[in-house]
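Since this is a predicted model, take the numbers as computed values, not measurements. We name chains A, B, ... by the order of the sequence lines, and we start the count at 1 in each one.
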Amino acid sequence: MSKPVFHRPKYLKDAPFHYCPGCGHSIIHRLIAEVIEELGIGEITIGVPPAGCAVLAYDYFDVDMGEAAHGRGCAVATGIKRILPDRIVFSYQGDGDIAAIGTAETIHAANRGENITVIFVNNSCYGMTGGQMAPTTVLGQKTTTTPGGRTAPLHGTPIDLSQMIALARGSVYIERTSVHSVRHILKTKKALMKAFTAQMNGRGFSLVEILSPCPTNWKLTPVEACDHIEKEITKTFPLKVIKDEIDADRQGPP
Amino acid sequence: MSKPVFHRPKYLKDAPFHYCPGCGHSIIHRLIAEVIEELGIGEITIGVPPAGCAVLAYDYFDVDMGEAAHGRGCAVATGIKRILPDRIVFSYQGDGDIAAIGTAETIHAANRGENITVIFVNNSCYGMTGGQMAPTTVLGQKTTTTPGGRTAPLHGTPIDLSQMIALARGSVYIERTSVHSVRHILKTKKALMKAFTAQMNGRGFSLVEILSPCPTNWKLTPVEACDHIEKEITKTFPLKVIKDEIDADRQGPP
Amino acid sequence: MARSRNSTSTRRGHILIERDTCKACGLCISVCPQQVIGFSDTLNEKGYYPAEFLDQVDADTLNHCTGCAFCAIICPDVAIEVYRD
Amino acid sequence: MARSRNSTSTRRGHILIERDTCKACGLCISVCPQQVIGFSDTLNEKGYYPAEFLDQVDADTLNHCTGCAFCAIICPDVAIEVYRD
Amino acid sequence: MTDKVLMRGTHVIAESAIRSGCRFYAGYPITPQNELPEYMAEAMMAIDNATFIQAESEIAAVNMVLGASMAGARAMTSSSSPGISLKQEGISFLAAQELPAVIVNCMRGGPGLGNIAPSQGDYFQATRGGGHGDYRSIVLAPATGQELADFTARAFDLADRYRSPVVLLIDGMMGQMMEPVVPPEFMDEADIPYRNWILDGARGRPSRIIKSLILDPAKEEEHNWKLYRKYENITKELQITEAYQIDDARLVVMAYGTAARIAKGAIKRVREIGLKVGLLRPLTLWPFPARAVEDASRFVKEFLVFEMNTGQMVEDVRLALKHRSEVHFYGRPGGVVSTPDEIAKVITSLYYRLHLEEEQ
Amino acid sequence: MTDKVLMRGTHVIAESAIRSGCRFYAGYPITPQNELPEYMAEAMMAIDNATFIQAESEIAAVNMVLGASMAGARAMTSSSSPGISLKQEGISFLAAQELPAVIVNCMRGGPGLGNIAPSQGDYFQATRGGGHGDYRSIVLAPATGQELADFTARAFDLADRYRSPVVLLIDGMMGQMMEPVVPPEFMDEADIPYRNWILDGARGRPSRIIKSLILDPAKEEEHNWKLYRKYENITKELQITEAYQIDDARLVVMAYGTAARIAKGAIKRVREIGLKVGLLRPLTLWPFPARAVEDASRFVKEFLVFEMNTGQMVEDVRLALKHRSEVHFYGRPGGVVSTPDEIAKVITSLYYRLHLEEEQ
Amino acid sequence: MKKTIFAGFGGQGVLMMGYVFAVAAMRDGLEVTYLPSYGAEMRGGTANCTVVVSDEEIFSPVASSPDYAVIMNKPSLLRYENLMKQGGVMFLNSSVIDRTPVRDDLHNVPIPANDIARKLGLDRVTNMIMLGAFVAKTRLTSLESIMNGLQESVKGKSETVMKLNRKALDRGADYVLKGTPP
Amino acid sequence: MKKTIFAGFGGQGVLMMGYVFAVAAMRDGLEVTYLPSYGAEMRGGTANCTVVVSDEEIFSPVASSPDYAVIMNKPSLLRYENLMKQGGVMFLNSSVIDRTPVRDDLHNVPIPANDIARKLGLDRVTNMIMLGAFVAKTRLTSLESIMNGLQESVKGKSETVMKLNRKALDRGADYVLKGTPP
Ligand SMILES: Cc1ncc(C[n+]2csc(CCOP(=O)(O)OP(=O)(O)O)c2C)c(N)n1
Ligand SMILES: Cc1ncc(C[n+]2csc(CCOP(=O)(O)OP(=O)(O)O)c2C)c(N)n1
Ligand code: SF4
Ligand code: SF4
Ligand code: SF4
Ligand code: SF4
Ligand code: SF4
Ligand code: SF4
Ligand SMILES: [Mg+2]
Ligand SMILES: [Mg+2]
């Protein structure tokens, strides 16, 4: 008798994704839904989708979802969480959303130690608007606003927001993972588990940065895009636990 | 015959400061004016004052000055500098201005490596608006919006923006100094010299964070305020060169 | 369970691919350690040539599905269900 | 140069304080190694009791100004000029 | 009488908000409204489940309020002119997502950094929507301490009733001035009407979405007309004015807020010398009380609009009057506060000019 | 003919800006105007001393433009509705500091996140000042590819002439559509008028200050009236309209931008069946061409305003008409683009209703 | 005034078809507007553009009741059939469209474009085959103008590629004019 | 309707004076407005507030032509003298104001408040001395009301402090009524 070992998670609505073939957003959505299911928090979770390719995230997650303006996910999540401290609140943000226009909101939510979880999908470009340079675009990468490839003198260098957020004393858990291979997908899920659990335990601000393929704007096939993450993007954005103070005593001054 | 060993610097207009007795802004103004004079850049310098107690800085500096909206000093300075790359452009910003509302503009100007100099006056409160908590307010400090003293769980912890900016790859020189004693004032001047010189040599983004007494809002005498910096504030904001890559080779990827 | 004639090992699992959900990204194919997934040669409803499980009960594949679920884990469109036999 | 009668060392410098610019913050007083600055006991134009140089040519101070300029360096209101004699 | 307290305008708003069930405040310092967040900082600390956040910016503040509102709280933010400009995107989102919220604008002189003196330069921004798209905010213009109290309470009710942002449009003087005030009753939180749309976790119900992205133009149009019908409804239901001595008036002054107080003083003076002048004061700026203006125009042929700006509400007066009466304008922008005497002079000279023949 | 090129609207603006001496562009991606920064990214790279910056936000972009303008550059930014809301504080500063700048708003359906379809929901914001304080921006509303070219060039001239922000108000369709265009001539940079107010270092002259903080209300008032007089001047000098078949018209349609194109198509159709209908199209939205409207009202008693929103410009038409003619409104908000046929039907039914007796 | 909608799948060269036609018409001295579909939200969806050519001012560039449609795949047929003007003509890529239109007031011109293209050895010229057929039948411009338009739009393309394109245009034209089998 | 302006240096308790007076008047059943100067830009500058009391609705809380002024230092005298209503009364802290007003249509009431306060052993009650004098002379409220107002505004002040304040009020009143020397 066959035993199902992989099924569609409960908190993903039965709707086909609008994402491009091979898009990392889809994988990340599924992982979040799995984590919500496994932690049993589907009925107390409120999500905040971004303006970005994942703008329609509320069409997929079967939990309460409230839309934020571009970049303001952390501010909106802060408002929700403060009113409903016993609910689980996450914001889902692209790299443009979080590391450009939302820089201040994100850093300060982390600094306040808001007890929320942020999923930061780094696909090193503005996917939704057609592939412009993001603050995270790696050097040399061609985008529609860096037609000759990003160069440091002309466009600045890729920003490592997660490291900055790690300096914010209210952040407790920050990890950078990727979804370009099975192994990394599993690691990402673990990181998400850890982040949501930290929130459930009232530890403070957690963030998982996830490197995510955007085959369309990278002009690569999905398989090539995954390869590109492995070989190129991780050079600029190495995968690692950036901060883990989940178990630290955080009562006194830092 | 008496030899003058200390005179009013050339690029300070002959106007009395409107600052409170013992305010650090005044000292910092003078130091900047001295540096401008000593570097001989008074006729090619353009300054950008903040919204903050130093909003009237243009009444004191005898160089071209263009006002920015609260927090946007680095964006305005970027615009000026890109048009006039051979001029010297500095922005002068309070801790609220730069580390709260201006977080994104500052980090991204640093990240782009804008060849400008930022003077970041950290008096651990919003001086101009009457002494509210700033992102830099130290734990325990009483302000009008932390009447019981700042506590981490309620108000978050003091933010160390300079450290974050040091992570931005386009920044070349970042130092935190203070003006609470003669020795530190002299060190601050050296730091300012270094920052402006870096700009003159086209090295990129430089920033000097200066701890500055605000006797009025700290409700201390000027002398006590200086003492308070020495004994308390420097615990949270230790004085040091945070980053010095002025002489680093910055052509290739970081 | 019937096994294909000339395979050396046995099939320990199998997968179901929702043909019309698949967007032919090829990631499942790239990660299947047994190389028992390929592209179909007919279009699906969306207009893609979807992935197709090759190790059907009566198929003639060299390797066999182990039910490792790698394919499902990486499938962006949650088009694959995996079963251990 | 005339020196005060019972001082042990000589005055090597002196300062001028712009009385009406001073805001009586007291910082110069706190940093003067020779303790030759004090507060005036009459109000200035602004309404402060400004700082005042005690080591005048004919004053009777224990220590003497060295012209070190500490006072001027810390004076927020640029109210002090320093001279080496 | 004895339960009156002498309170600063900003404090009146803060205290009244709390009594009206406001449990979330986020703001950013800006003169002349700093005492509002300061009061909240202290007061909210004493209340269970109440939140005060000094946000990192006005933008963060308005978006926190948006989040709190989604989660079912009565929520408020406040600022002054430049800070309110920064909130425009957020206000457009509040309107689009039909989220209740109260926004206080304690106007100062502008544009740009301007100054911190009382002004009415943001009338257009408040009433026409400084943000993008077809939307409106309800705009209330109290003019006394007691009205600040009452209208703050009312603002929360209106926000809930219409699921709409409500702007309390005051100026630096209203914010700083103290007057005797009876604060509103403490509201029983149970009396806040049940909201069947909030996001609090999909327990025992289908999951909910609050959003404003509507990609299909036909559906977005539908949403726009839905909002429009709501706005029409509000326009019908919520036009508030105060009329002062207009029954026999041959000239009606129109002014709101601080300007209206001054105008009233001026009218009192000119009445003393026999001039038949009245005041029609809008307390709702949007919806603009066009009905009352139209009614007045039946018997008054001359209107004088007095604003602390270069002429903004005067457009609404013109629109309401449909050219049935003459409209004159007197304005003092930039934070200048006229005196009743000054306005009395303006009124008198206008009055005599208009009615010369008859007065002789 | 042969020098015509088929160009996308956003590209036309970008290319025309460069030819008009624009040497600084800062912007942030937002649909439907992304091709404008993309074009700039490529084109500016090829020009000496030209800067393209993809800013970290719309706010940063407008403030960079403000800096570049202070430093003497012809500078531009562009965005679409929500992004333009975020720029309101900056625009108020530009106006207050009297700095020239060109701001393109490629409007989309809203409020809130809305959609990316063509819309005209930001008319109030553009013409009334979505920012704080008493200020105005010049607002231009081209409707064809060629006008995009011509008005972009003109926008820079006007910005310089009046030291004022100029808004090019278009919509997603105008931005995306390609039409044959003759781009403006390359401007000789020497022809840009000398500016004696810029900040470029006080060499051989007294140092300069550009600011908008004016703490003294009396002086701020003076500044406000100074701006006001400038606005009055602009209102006198800069009212641009296109009139189409209005000479014998008994009904005049008023519409701008894309709506005006559609209205024109509709009028052509109804003219074929003998209806005397004309079009009066404002090309300047602020200053609103009140004179032309008033002139038309001498002989036309019925106006139909058609906008891609729930009714905004219609207020300006009413104000200009001073109730001399009847004003009707037809609107389609939310990104719906009407067809000429649809508008022809609206016109026809209105026309017959109004002129029934005479037509019989 | 004639409105044509070109519609198909993302990678089928639909926008190029419309653009080349628009340039050609412009060079013929006609008024012309070209309006592409836009918006990143339509990930992996259809692409379409509307070209209006006219000898007088064009008011609406929008595809309300187009006179012609060049339809490259089935979803596009479903989407645009209903919009067509009465009596309009639809050019259908019959290689991939297995369904016939339901409206009986339209003229349908089926072209097995993919098959013809494959014969030419290059799938990528499918769009040029359709365009050739379209131009030959509608005579809104000439194949020469199209070639000029092509030259103008894809500067720097090799001689060989241009020749192949010309061939494709001709094949498309021949197919509809002479019924030359693929 | 009576307008009073209280003006002086930052630390002289000027705002307190006005506030206590306003509370007292309110408790007397009068209409009242209190408008402080505000704005952080006036660092180290003057402080002032305007109190209007009236038995009918108050229109403008602004100090246009005040009836009374309580002036604590010289800069304030310079600033407000010109604003005064004709025939107005100015209460001058003659301990620090060495100059006499120039306008001859005003009544001046000099009170050596600092001196009296120093006699009481507390510089900080200077303002209460001025307030006592002001109330005694203008009779806009009573000293009892002022005490109640004081109680209400500075809750939790010790008995001793309140007594000292009362004393200060009385001394001020006595000075202007009976000419009691400091
Ligand atoms: C205020 C504002 N500015 C700009 C936009 C346009 N916009 C939508 S999504 C987006 C960025 C998308 O990039 P990212 O956040 O990296 O998400 P991705 O699509 O790559 O997942 C932008 C700029 C907007 N909606 N609102
Ligand atoms: C958009 C905007 N928000 C708020 C303000 C009000 N404001 C002026 S200065 C300031 C902060 C002052 O603090 P800081 O930057 O630390 O400077 P300081 O006065 O302490 O030197 C604020 C909030 C403003 N002018 N503009
Ligand atoms: S554009 Fe990139 S990020 Fe967006 S859906 Fe497509 S692949 Fe994913
Ligand atoms: S308030 Fe503080 S920072 Fe401001 S002038 Fe006074 S002492 Fe200086
Ligand atoms: S379960 Fe494993 S072996 Fe089976 S098809 Fe999937 S990847 Fe291949
Ligand atoms: S991974 Fe999923 S979507 Fe991609 S080819 Fe395999 S089944 Fe299809
Ligand atoms: S120069 Fe030195 S010794 Fe002389 S007064 Fe100043 S601090 Fe004292
Ligand atoms: S440091 Fe300057 S301002 Fe301070 S007391 Fe001395 S002289 Fe006066
Ligand atoms: Mg991205
Ligand atoms: Mg500060």
Side-chain angles (χ1 to χ4, degrees), chain E residues 59 81-86 88-89 92-93 95-97 107 109-117 119 121-122 124-125 128-135 211-225 227-228 309-312 315 318-319 322-324 332-337, chain F residues 59 81-86 88-89 92-93 95-97 107 109-117 119 121-122 124-125 128-135 211-225 227-228 309-312 315 318-319 322-324 332-337:
Chain E
I59 292 180
S81 309
I84 295 289
S85 290
L86 289 169
Q88 292 306 319
E89 187 204 25
S92 175
F93 270 73
Q97 301 186 346
M107 292 180 282
L113 207 41
N115 59 28
I116 57 175
S119 162
D122 307 349
F124 276 148
Q125 184 192 56
R128 297 295 190 281
H132 58 285
D134 286 288
Y135 77 93
K211 59 154 187 169
S212 61
L213 180 82
I214 306 176
L215 287 172
D216 178 356
K219 292 202 178 117
E220 174 71 27
E221 178 180 30
E222 221 175 281
H223 181 59
N224 275 258
W225 287 122
L227 292 177
Y228 182 82
N309 59 38
T310 63
Q312 301 191 14
E315 285 197 3
R318 288 219 168 88
L319 284 168
K322 305 208 178 105
H323 222 65
R324 268 190 276 228
R332 296 299 301 269
V336 170
V337 181
Chain F
I59 291 180
S81 309
I84 295 288
S85 291
L86 290 170
Q88 292 306 319
E89 189 205 23
S92 175
F93 270 74
Q97 302 186 345
M107 291 180 282
L113 206 42
N115 59 28
I116 56 175
S119 164
D122 306 349
F124 277 146
Q125 184 193 57
R128 297 296 189 282
H132 58 287
D134 286 289
Y135 77 93
K211 59 155 186 167
S212 61
L213 180 82
I214 306 176
L215 286 173
D216 179 356
K219 292 203 180 116
E220 174 71 27
E221 178 180 31
E222 222 176 280
H223 182 59
N224 275 258
W225 287 124
L227 292 177
Y228 182 82
N309 58 38
T310 62
Q312 301 192 14
E315 285 196 3
R318 288 218 168 88
L319 284 168
K322 306 206 177 107
H323 222 65
R324 268 191 275 228
R332 296 298 301 269
V336 170
V337 181

Check: [X] side chain, [Y] main-chain N or O, donor-acceptor pair, under 3.5 Å:
X: E:Ser92; Y: F:Pro111; answer: no
X: F:Asn224; Y: E:Gly110; answer: yes
X: E:Asp134; Y: F:Thr310; answer: yes
X: F:Ser212; Y: E:Leu113; answer: yes

**OP:** Could you pull out all residues at least two apart from F:Glu89 that satisfy side-chain hydrogen bond (donor to acceptor under 3.5 Å, both in side chains)?
**Re:** none
**OP:** Mind ranking E:Gly130, E:Ser119, E:Ala218 by heavy-atom pairs under 4.5 Å with chain F and telling me who comes out on top?
**Re:** E:Gly130
Subject >> Among the listed options E:His223, E:Arg332, E:Gln97, the residue most often paired with chain F at heavy-atom distances under 4.5 Å >> reply: E:Arg332
Let's test your reading of the structure: which of [options] forms the most heavy-atom pairs below 4.5 Å with chain E?
options: F:Gly112, F:Ala96, F:Gly335, F:Ala95; value: F:Gly112
options: F:Lys322, F:Gln88, F:Arg318; value: F:Lys322
options: F:Gly131, F:Gly121, F:Pro333; value: F:Pro333
options: F:Leu227, F:Asp216, F:Leu213; value: F:Leu213

**OP:** Mind checking the CG-CD1 spacing from E:Asn115 to F:Ile214? Nearest 0.5 Å is all I need.
**Re:** 8.0 Å
Original post:
Looking at F:Gln125 and E:His132, what are the two nearest heavy atoms and their distance?
Top reply: NE2-N, 3.7 Å
Original post:
For the residue pair E:Ala117 and F:Pro217, what are the closest heavy atoms and their distance?
Top reply: CB-CG, 3.8 Å
Where does [X] contact chain E at under 4.5 Å (heavy atoms): side chain, backbone, both or neither?
X: F:Glu315; result: both
X: F:Leu319; result: both
X: F:Gln312; result: side chain

Original post:
Which bit of E:Ile84 comes within less than 4.5 Å of chain F, counting heavy atoms only: side chain, backbone, both or neither?
Top reply: neither
